[in-house]
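Below is one structure, written out as structure tokens; the observations come after it.
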2 protein chains.
Amino acid sequence: MTQRPRRQSRILELVRAGSVSSQDQLRELLESHGLHVTQATLSRDLRALGVVKAADGYRLPESNGSNGSTGMSDGQEELARVIGMYAFSVREAGTMVVVRTGPGHAQIVAVGLDRSGLGDVLGTIAGDDTIFIATPGVEAAERLASALRELAEIEA
Amino acid sequence: MTQRPRRQSRILELVRAGSVSSQDQLRELLESHGLHVTQATLSRDLRALGVVKAADGYRLPESNGSNGSTGMSDGQEELARVIGMYAFSVREAGTMVVVRTGPGHAQIVAVGLDRSGLGDVLGTIAGDDTIFIATPGVEAAERLASALRELAEIEA
DNA sequence: TGGGTCATTGCATGATTATTCACATTGTGA
DNA sequence: TCACAATGTGAATAATCATGCAATGACCCA
């Protein structure tokens with residue numbers, strides 16, 4: 001039986017305690033626990049244990065690495081094409097309508113909105129992934145949001 | 001305004017997509033998006049964004065690594081952490097909430113907001129040090145601003 | 001406009017981590 | 001028990017990441 005299970009158990013303790021900022025430091029900590037091992041082995045251990053490296057040191061993962069991606073629906077043509085391609089959420093917010101897109105896509109959708117000639121669109125402000133659309137009133141906002149959802153094939 | 005907010009947005013997109021296993025690969029990916037930057041700057045960006053390195057590549061943090069449970073969702077714990085560290089002002093503006101951070105920290109706080117699952121958050125626009133949060137209405141804005149102030153331990 | 005201060009960024013290099021190669025140890029089946 | 005396969009480990013080195021320093025840009029003020 002190798003030292004590995006015992007060593008990895010000790011590694012987990014140290015990582016949980018927030019004590020580990022580098023593999024060489026970990027090696028020294030283990031040394032002081034009577035475990036003599038090289039950095040190469042520790043690199044392997046940390047990988048095997050799924051430990052992640054943050055700016056402030058090593059951490060245990062709390063969950064799997066499925067990075068929550070913003071789902072985007074399929075696209076169509078013109079405004080419908082871009083909004084269908086890049087927008088995933090259309091909500092009323094008072095007299096505004098808020099469209100969410102994937103990062104970096106708000107501008108192109110906003111251009112499509114500006115060119116669409118939709119009467120309820122008074123103006124748009126777009127950042128990276130969010131577009132604020134000004135409408136004349138609350139009812140107009142609801143009307144526009146409903147229309148955009150249909151174009152984008154998004155459910156409310 | 002420097003390239004940094006835009007670049008960091010794009011970095012977040014790529015990391016979320018699970019596309020990034022090394023900083024040099026990230027540099028190439030950004031190059032193909034027309035963003036020319038060195039590995040040194042990317043190291044700084046990734047640190048600023050709180051991105052962690054796992055065996056299979058870079059990930060957004062799911063939590064702050066503390067194992068204590070406070071009854072908040074993981075996303076809200078993370079939000080509390082980043083907003084507590086980086087935000088210094090939370091104000092309502094009609095149906096919007098405006099969060100001010102230290103320079104360069106808006107993006108990471110916006111990540112926290114997006115991941116928090118707070119229902120009143122319809123969308124966010126983040127620049128370098130300012131975040132605009134869209135909410136469904138004036139009351140929702142007040143409610144959210146109040147909640148964020150509490151998380152950030154900021155007085156009105 | 002010019003000067004001062006601070007932030008951002010690239011270059012170069014140091015620090016850290018991952019991997020290859022060689023060897024040792026352990027496990028397994030005949 | 002023996003032969004071979006599988007696994008573990010260290011040393012050396014390659015790959016990757018972090019940081020000091022200097023240059024430049026942004027911003028502010030007189």
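Computed from a prediction, not measured in an experiment: that's the story for all the values here. Below, chains carry the letters A, B, ... as their sequence lines are ordered, and counting in each starts from 1.
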To the nearest 0.5 Å, what is the distance between CG on A/L148 and CD on A/E92?
10.0 Å

Protein proximity profile, nucleotides 11-23 of chain D - base contact B, sugar-phosphate-only contact S, no contact -, cut-off 4.0 Å on heavy atoms
B----SBBBB---

The bend of the helix from C/dT1-D/dA30 to C/dA30-D/dT1, taken between the axes of its five terminal pairs at each end and rounded to 10°, is 40°

Does B/V52 belong to the same Ile/Leu/Val/Met/Phe/Trp/Tyr cluster as B/L12, with side-chain heavy atoms less than 4.5 Å apart forming each link?
no

Provide, to the nearest angstrom, the distance between the CD1 atom belonging to B/I11 and the P atom belonging to C/dT9.
10 Å

Walk me through it: do B/R143 and B/E139 pass the test salt bridge (Lys or Arg N to Asp or Glu O under 4.0 Å)?
CA-CA 6 Å; B/R143 197 164 54 229; B/E139 286 176 4; 5.2 Å; no

Transitively linked via ILVMFWY side-chain contacts under 4.5 Å: B/V138 with B/V99?
no

Is the phosphate of C/dT8 approached by B/R7 (side-chain N or O, under 4.0 Å from OP1 or OP2)?
no

Atom pair distance, as rounded to whole Å: CG in A/D45 and C1' in C/dA18:
13 Å

Would B/D45 and B/R7 count as a salt bridge (Lys or Arg N to Asp or Glu O under 4.0 Å) if you check the C-alpha gap in whole Å, the side-chain angles of each, and the deciding distance to 0.1 Å?
CA-CA 9 Å; B/D45 280 344; B/R7 186 178 67 234; 2.5 Å; yes

With a 4.0 Å cut-off on heavy atoms, is B/R27 in touch with a base, just the backbone sugar-phosphate, or nothing at all?
nothing

Do other residues, nucleotides or ligands put more than 12 heavy atoms under 6.0 Å from the CD atom of A/E13?
yes

Quick check: closest heavy atoms across A/V98 and B/A134, and the distance to 0.1 Å?
CG2-CB, 3.6 Å

Is there a salt bridge (Lys or Arg N to Asp or Glu O under 4.0 Å) between A/E142 and A/R91? Walk through the geometry before answering.
CA-CA 8 Å; A/E142 288 168 355; A/R91 296 280 295 273; over 6 Å; no

Quickly work out the B/R4 CZ to D/dT24 C1' distance and round it to whole Å.
16 Å

